[in-house]
Protein chains: 2
Amino acid sequence: MRESGSKATQIHTHQPSGKTKLDRRTILEAGADFIDQHGVRELSMRRLGAALGVEAMSLYRHVPSRENLLDGIVELIMDQLYGDPEVYLEPRNGWQDYLFRLAHGLRRMALAHPRIFPLVATRPPEAPWVRPPLRSLRWIDSFLGALTSSGFRPEAAVAAYRAFSSFLLGHLLLEVAALGAEIGPVETDDGQAQETGDLSEYPQVLQLQDLLSEDRSADEFEESLENLLERLGTLIR
Amino acid sequence: MRESGSKATQIHTHQPSGKTKLDRRTILEAGADFIDQHGVRELSMRRLGAALGVEAMSLYRHVPSRENLLDGIVELIMDQLYGDPEVYLEPRNGWQDYLFRLAHGLRRMALAHPRIFPLVATRPPEAPWVRPPLRSLRWIDSFLGALTSSGFRPEAAVAAYRAFSSFLLGHLLLEVAALGAEIGPVETDDGQAQETGDLSEYPQVLQLQDLLSEDRSADEFEESLENLLERLGTLIR
DNA sequence: ACCTGAACACCGTTCAAGT
DNA sequence: ACCTGAACACCGTTCAAGT
């Protein structure tokens with residue numbers, strides 16, 4: 001009956017049986033699990049309560065609303081980045097190594113939680129200049145510090161922060177979207193499960209379909225990141 | 001009582017008084033208007049019905065579900081790109097001019113409908129290789145044709161399509177998010193209206209706050225696009 | 001042929017009541 | 001102190017009934 005050390009910081013499956021003490025953290029973890037398995041659309045307060053073996057209304061003792069719950073889940077997932085041993089808060093081998101590790105850490109996070117990442121990308125941030133996917137002040141501070149301490153002028157560091165955010169957001173969102181299409185149509189109970197129809201009107205698409213369907217996302221990520229780092233290098237002076 | 005030529009292809013405000021014939025197109029336009037004004041979260045079938053001066057259940061005669069309605073709205077907005085006189089379906093002054101115009105056309109669309117663009121970005125596409133924000137087969141075909149006819153090998157054209165999509169998605173999503181933050185907190189009835197708290201733990205952020213708050217999105221777009229076009233140029237052979 | 005009323009199975013959220 | 005039952009005001013969607 002006893003569960004093994006249940007304070008693990010990673011996301012783990014919560015069975016209805018595991019009647020832990022029900023604090024905010026437990027609820028957020030269960031919520032993240034739920035979205036990983038069934039998608040955001042399926043997540044209701046009642047169902048999440050049921051998953052925790054508790055009446056839905058009990059959640060409101062620890063979480064003020066469903067909106068706040070979603071924000072909390074995004075924050076929880078972002079916090080996993082601190083636990084990633086490959087990612088440093090301070091640069092150790094120059095700013096390129098720092099950015100390289102940060103980018104790959106974020107990519108691992110996105111691929112580990114493909115159904116949560118769209119939330120990371122689209123939930124309104126707490127300030128307009130806090131840009132997804134680097135949604136936490138602590139990481140933004142770390143980012144800017146790493147660059148200014150490496151010789152970037154303030155303007156250049158901020159420009160780098162913006163270019164970095166937009167590159168990661170675009171690439172990772174497309175990558176998890178492609179992944180989501182493979183995972184499950186549970187999210188979409190309607191028309192978009194439609195097969196790709198008649199392509200005869202689209203000769204280019206028809207002819208290049210094999211190339212289009214190929215998955216080159218890992219290589220693309222590497223190449224685009226390398227290009228970005230080079231470009232950012234020109235900002236130093 | 002008579003309205004001026006009401007077949008206009010642009011989005012226009014539908015008052016409850018304007019009892020048009022209620023077909024799918026009318027419903028989609030009213031839906032787009034509604035989202036522009038109140039955000040997706042506020043859009044319910046009942047409220048959209050009311051906005052059209054009709055009982056909510058009547059909508060189901062023309063639209064199979066709310067999900068399908070949202071997809072239809074995205075499609076409607078994307079179709080506006082065909083009406084943009086600055087954007088060409090066929091290249092007229094080389095592939096760079098073609099891509100430049102296409103990118104700017106998409107940006108105009110995103111900025112005209114900042115609350116709809118996140119839907120363009122995140123709705124599951126009809127095939128995994130159909131990437132937002134270029135969500136239509138017709139545009140993808142146009143894109144690939146423009147590049148192959150300009151000397152891009154098939155692999156290079158596809159690589160360009162991917163890089164172009166990811167650049168636009170990242171940049172435009174961040175741009176409309178920043179815009180949305182300025183527009184209205186109607187979307188967010190909860191905690192995220194919080195003011196930016198104590199920044200004393202984040203010295204870099206504190207020091208660079210003015211730079212961070214500056215809006216440089218138009219310049220950034222131009223510069224990043226130019227850089228992208230240069231990079232794509234190296235793919236020709 | 002097109003719209004509607006009533007109904008069903010859900011929601012998020014509140015609050016007095018229970019233990 | 002923490003959880004619950006019942007209730008409120010909403011949802012999306014179905015379908016027999018109205019015109």
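As a basis for the values below, the full set of heavy atoms in this structure was taken, side chains included, without hydrogen atoms, waters or symmetry mates. Residue numbers begin at 1 in each chain, while the letters A, B, ... track the order of the sequences. Since we're looking at a predicted model, the values are computed, not measured.
For A:Phe221, the ring pair (Phe, Tyr, Trp, His ring centres under 6.0 Å) test picks out A:His104, A:Phe167, A:His171, with sequence neighbours left out. For B:Tyr82, the ring pair (Phe, Tyr, Trp, His ring centres under 6.0 Å) partners at least two apart in sequence or on another chain are B:Trp139. For B:Phe117, the ring pair (Phe, Tyr, Trp, His ring centres under 6.0 Å) criterion is met by no residue, not counting sequence neighbours. In this structure A:Ser165 satisfies the side chain to side chain donor-acceptor pair (under 3.5 Å) test with no other residue, sequence neighbours excluded. Taking A:Arg108 as the reference, A:Asp84 meet the side chain to side chain donor-acceptor pair (under 3.5 Å) condition, with sequence neighbours excluded. A:His62 is linked by a ring pair (Phe, Tyr, Trp, His ring centres under 6.0 Å) to nothing, counting only residues two or more places apart in sequence or in another chain. Partners of B:Arg162 according to the side chain to side chain contact (heavy atoms under 4.5 Å, CB included) rule, which considers only residues two or more places apart in sequence or in another chain, are A:Glu214, A:Arg216, A:Glu220, B:Arg131, B:Val158.
In this structure, CG of B:Asp23 is placed 18 Å from P of C:dA1, rounded to the nearest angstrom. The separation between A:Asn68 atom CG and C:dT13 atom C1' is 14 Å, rounded to whole Å. The CD atom of A:Glu42 sits 12 Å away from the P atom of C:dC10 (whole-angstrom rounding). Summarising the geometry, the separation between CD on A:Glu67 and P on C:dC11 is reported as 16 Å, rounded to the nearest angstrom. Counting to the nearest Å, the P atom of C:dA7 and the CD atom of B:Glu55 are 15 Å from each other. We find that CG of A:Leu52 is positioned 17 Å from P of D:dC2, with the value rounded to whole Å. We find that CZ of B:Arg66 is positioned 9 Å from C1' of D:dC11, with the value rounded to whole Å.
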**Q.** Protein proximity profile, nucleotides 14-19 of chain C - base contact B, sugar-phosphate-only contact S, no contact -, cut-off 4.0 Å on heavy atoms
**A.** B-----

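Under the 4.0 Å criterion applied to side-chain N and carboxylate O atoms, A:Arg135 and A:Glu126 are not assigned as salt-bridge partners.
Here A:Ser44 lies in heavy-atom contact (under 4.0 Å) with sugar-phosphate atoms only.
Comparing C:dT4, C:dG12, D:dC3 by their closest approach to the side chain of A:Met45 singles out C:dG12. Listed nucleotides D:dG12, D:dC3, D:dT4 differ in distance to A:Leu22; the shortest reach to its side chain belongs to D:dC3.
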Q: Mind running side-chain contact (heavy atoms from CB on, under 4.5 Å) on B:Leu69 and B:Leu43 for me, showing each step along the way?
A: CA-CA 10 Å; B:Leu69 171 72; B:Leu43 176 66; 4.1 Å; yes

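Place A:His62 and B:Leu43 on DNA chain D by their nearest nucleotides, and A:His62 ends up nearer the 5' end. Summary of the strand contacts: A:Ser58 and A:Arg46 both lie near DNA chain D, and taking for each the nucleotide with the nearest heavy atom, the more 5' one is attributed to A:Ser58.
For A:Arg47, a side-chain nitrogen or oxygen approaches OP1 or OP2 of C:dC11 to under 4.0 Å.
Secondary structure note: stems in DNA chain D built from 3 or more consecutive Watson-Crick or G-U wobble pairs under 3.5 Å occupy C:4-8 with D:12-16, C:12-16 with D:4-8.
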